[in-house]
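Given the structure is predicted, the values throughout are model-derived calculations rather than measurements.
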Amino acid sequence: MKKLFYLILIAIISVLLLLYFANYTVKATTEKQLYNKTENIPHNKVGLVLGTAKHLANGQLNYYFTYRIEAAAALYKSGKLEYIVVSGDNSRKDYNEPEDMKLALVEKGIPEEKIYLDYAGFRTLDSVYRMKEIFGQDEFTIISQPFHNERAVYIANHLDLKTIGFNAQDVTRHYGFKTLIREKFARVKVLLDNLISKKPKYLGEPIEIGAQDI
């Protein structure tokens, strides 16, 4: 029993150390690339809004969604973006994150022709990777909550992309507690993905941003 106890204890300590290392690595290596105010952030041609559901499972409004839309609209209206890519999950006919984000941005006054939809942003890795491979962008602004931006920018750094993050308003710790816990493990997954050079499941035909303006 003693041996089993020590094995379990070692396993728990190892997991905690791995979680700490992953969290520290992601946060420490990206903090200088994140911005909170539109007046301070550099201009980029394109912004990437990372996807999330418009509503929670119980039907309530998802504030992660609301605040990301508000942040993207603020960047565009302040002249810090020319185009916006909304990337999310569209794996079912009755679930379409990119379309929901596009409609919300249009309601905020963003011209429809300035918005591009990425229907295969199933994971943060997919959304970031596809910005280069599908949309031809190796320098862009990522828009999400601070914890999510840290991970997304870290992924972009690993892919040798030049990105910055614009922090949307965060959600209270009580409201987003499960998300924050899940994020700790997601950061470990990022390190593992980097080790095996993980790639998106789907790519597709290239999309030229701004072609209609020529």
Side-chain angles (χ1 to χ4, degrees), residues 15 18-35 44-53 62 64-65 67-68 71-72 83-92 95-102 116-168 170 176 178-207 209:
V15 169
L18 182 58
L19 289 170
Y20 174 82
F21 173 76
N23 183 68
Y24 176 81
T25 300
V26 170
K27 189 175 183 66
T29 58
T30 60
E31 59 183 355
K32 293 182 179 181
Q33 293 170 263
L34 304 187
Y35 295 82
N44 265 328
K45 177 183 176 182
V46 182
L48 167 67
V49 185
L50 297 174
T52 187
N62 180 2
Y64 287 109
F65 178 98
Y67 295 151
R68 289 179 201 183
Y83 301 93
I84 299 173
V85 174
V86 288
S87 180
D89 188 350
N90 179 217
S91 57
R92 306 191 316 265
Y95 186 78
N96 195 328
E97 290 178 359
E99 188 66 32
D100 286 342
M101 289 190 286
K102 176 184 176 181
Y116 289 77
L117 284 75
D118 175 15
Y119 294 105
F122 304 118
R123 299 175 55 199
T124 304
L125 168 65
D126 296 6
S127 297
V128 173
Y129 193 101
R130 287 170 57 82
M131 281 294 286
K132 170 65 175 178
E133 296 301 318
I134 301 302
F135 295 96
Q137 305 299 311
D138 55 14
E139 189 170 354
F140 52 93
T141 300
I142 300 172
I143 303 157
S144 189
Q145 274 69 35
F147 71 88
H148 199 188
N149 276 340
E150 289 173 353
R151 177 158 51 93
V153 170
Y154 183 82
I155 291 171
N157 289 346
H158 179 74
L159 297 172
D160 293 323
L161 302 176
K162 297 178 182 179
T163 65
I164 53 178
F166 184 64
N167 293 330
D170 211 344
K178 289 183 179 179
T179 300
L180 293 176
I181 294 298
R182 187 167 63 246
E183 177 65 20
K184 302 300 183 184
F185 290 92
R187 295 185 177 201
V188 174
K189 183 67 166 59
V190 164
L191 299 186
L192 296 176
D193 286 344
N194 288 350
L195 286 175
I196 63 174
S197 298
K198 182 77 173 180
K199 292 180 173 56
K201 185 175 181 180
Y202 300 105
L203 287 175
E205 296 297 320
I207 298 172
I209 292 181

Quick one, V46 and V85 - any side-chain contact, counting heavy atoms below 4.5 Å? yes

Checking D138 side chain against K132 main chain: does a donor-acceptor pair fall under 3.5 Å? no

Decide, yes or no, whether a salt bridge links R187 with E150 under the criterion of side-chain N to carboxylate O below 4.0 Å. yes

For T30 and N157, what are the C-alpha separation, side-chain angles and deciding distance, and is it a side-chain contact (heavy atoms from CB on, under 4.5 Å)? CA-CA 9 Å; T30 60; N157 289 346; 4.0 Å; yes

Determine the minimum heavy-atom distance between T25 and T29, stating which atoms define it. O-OG1, 2.6 Å

Heavy atoms, side chains only, cut-off 4.5 Å: are F21 and L191 in contact? yes

Value rounded to 0.5 Å, distance of CD in E31 from NZ in K27: 7.5 Å

Is it the case that over 12 heavy atoms from other parts of the model lie below 6.0 angstrom from the NZ atom of K198? no

Say you draw a straight line from CD1 of I207 to CD of Q137; how long is it, rounded to the nearest 0.5 Å? 11.5 Å

Smallest heavy-atom separation, N90 atom then Y119 atom, equals OD1-CD2, 3.4 Å

Validation row: L161, M131 side chains within 4.5 angstrom (heavy atoms): no

Rounded to the nearest 0.5 Å, what's the gap from NZ on K184 to CG on L18? Could you check? 13.0 Å

Would a 4.5 Å heavy-atom cut-off, applied to side chains only, mark L48 and F135 as touching? no

With no hydrogens and no angle check, do the side chains of Q33 and N149 hold a donor and an acceptor under 3.5 Å apart? no

Please tell me if the side chains of I84 and Y116 come closer than 4.5 Å, counting only heavy atoms from C-beta onward. no

Can you tell me how far OH of Y154 sits from OG1 of T163, rounded to the nearest 0.5 angstrom? 13.0 Å

Quick one: CZ on F122 to CG on D89, what's the gap to the nearest 0.5 Å? 5.5 Å

Got a sec: does the NZ of K45 have more than 12 other heavy atoms crowding it under 6.0 Å? yes

Show your reasoning for whether side-chain contact (heavy atoms from CB on, under 4.5 Å) applies to Y35 and N167. CA-CA 6 Å; Y35 295 82; N167 293 330; over 6 Å; no

Can you confirm whether I164 sits close enough to V153 that some side-chain heavy atom of one is under 4.5 Å from a side-chain heavy atom of the other? no

I need the minimum non-hydrogen distance between M101 and F65, along with the two atoms involved. CG-CE1, 3.4 Å

Using a 3.5 Å cut-off and no angle test, enumerate the donor-acceptor pairs between side-chain atoms of residues 123-130 and protein atoms at least two apart in sequence or in another chain.
from : atom 1 : to   : atom 2 : distance (Å)
R123 : NH2    : D193 : OD2    : 2.4
T124 : OG1    : H148 : NE2    : 2.8
T124 : OG1    : R151 : NH1    : 3.3
S127 : OG     : S87  : OG     : 2.7
S127 : OG     : R123 : O      : 3.4
R130 : NE     : D118 : OD1    : 2.8
R130 : NE     : D118 : OD2    : 3.3
R130 : NH1    : Y202 : O      : 3.1
R130 : NH1    : L203 : O      : 2.7
R130 : NH2    : D118 : OD1    : 2.8

Give the minimum heavy-atom separation between A72 and V49, together with the two atoms involved. CB-CG2, 3.6 Å

Criterion side chain to side chain donor-acceptor pair (under 3.5 Å) against Y95, the qualifying member of R92, E99, E97: E97

Donor-acceptor pair, distance only, cut-off 3.5 Å: does the side chain of R68 make one with the backbone of G51? yes

Are any of the side-chain heavy atoms of Y64 and Q145 separated by less than 4.5 Å? yes

